[in-house]
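Heavy-atom basis, side chains included; hydrogens, waters and symmetry copies ignored. Chain naming here is simple, since letters A, B, ... match the order of the sequence lines and numbering starts at 1 in each.
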Amino acid sequence: VITYNAAITACGRGKRWKPAVELLQTMRTQGVVPDTFSYSAAISACKKCGRWEAALKLLREMQKGGLGRDRYCLNAAIAACASAGRWQPAVKILREMETAGPKPDVFSYSSVIDAMAEGGKLNMALNTLLEMRSNPARFPVPNTVCYNVVLKALSYGGRWREARALLREVAKGSLESETPDVLDYLSYNAVIWGCAAAGEVGKAFKTRGEMQDCGIDADAFTYEALVAACGMTGNWEAAEATVLTMPGATTGGV
RNA sequence: UGUAUUAGA
């Protein structure tokens, strides 16, 4: 079984959902019974290819076969809906988990928030995040991924002010409580891109400064955003100056 | 052996 499961996972990594699903059938003809590991890997393979319906079908198949559906399978199914922007089935699975178990974890919520964001329900995604934060007795504490999903959606949805406000609020909060940083380079890059895309060059650079202040290194994606922002306003001198601040810029030749 | 953001070309 473990060998088959590893093969299904490998199909997923290669974005080959069909062979992944077919392997489940192959197992049975070989007298090997697929387990929850097999299904979570196969559902995830569907997710990687945008096949949310195939993913939900596998979930139904598990139930029909009397195989208990665990968190991994349900979370993978929510993620499959998220990648395809189908927020409604994602929410439905989450609600079922809330009422009938297994109790949703932070993976379930980050995925469902992503589903809302990808499905254009940005306010719903934001509210879910805020709800998690305000009710730690009922919900898992939102982690980096939960914030990143919302920050990215706000940023790329043109709501860079809110994205920056949330970013700064979270940064301040983790500073005050001395908790390890919840934000990472993805959080900052998303907001920097959001500012850049809106032509808010100053805010983009300011956000990069805050990124440095909390010890996160700018990467190629960060510089790309900053240069794009300068380019948008036609400020080629600033763009060039930014390029020259990149590590290795003076040794790589320009 | 299995699940979430990982980028906007």
So what does Asp105(A) hit on the nucleic acid, given a heavy-atom distance under 4.0 Å: a base, only sugar-phosphate, or nothing?
nothing

Please work out if Tyr147(A) contacts a base, only the sugar-phosphate, or nothing of the nucleic acid, heavy-atom cut-off 4.0 Å.
nothing

On a heavy-atom basis, the closest approach of Pro180(A) and Ser174(A) is O-CB, 4.3 Å

Under 4.0 angstrom, heavy atoms only, what part of the nucleic acid is Asp184(A) near: base, sugar-phosphate, or nothing?
nothing

Base, sugar-phosphate, or nothing for Ser40(A), non-hydrogen atoms under 4.0 angstrom?
base

Would you mind checking if Arg164(A) and Glu210(A) are paired as a salt bridge, meaning a charged N to carboxylate O distance below 4.0 Å?
yes

Given 3.5 Å as the limit, does a donor-acceptor pair link the side chain of Trp160(A) with the main chain of Ala204(A), or not?
no

Note: Lys47(A)-Glu118(A) ion pair, threshold 4.0 Å (strictly below):
no

So if I apply the ring pair (Phe, Tyr, Trp, His ring centres under 6.0 Å) rule between Trp193(A) and each of Tyr223(A), Phe221(A), Tyr188(A), which one comes out positive?
Phe221(A)

At a 4.0 Å cut-off to heavy atoms of chain A, the contacted part of RNA chain B spans rU1(B) to rA9(B)

When all nucleic acid strands are considered with a 4.0 Å heavy-atom cut-off, which category describes Tyr39(A): base, sugar-phosphate, or nothing?
nothing

What nucleic acid atoms does Thr36(A) come within less than 4.0 Å of, heavy atoms only: base, sugar-phosphate, or nothing?
base

Quick one: does Thr9(A)'s side chain have a donor or acceptor within less than 3.5 Å of a partner on Asn5(A)'s backbone?
yes

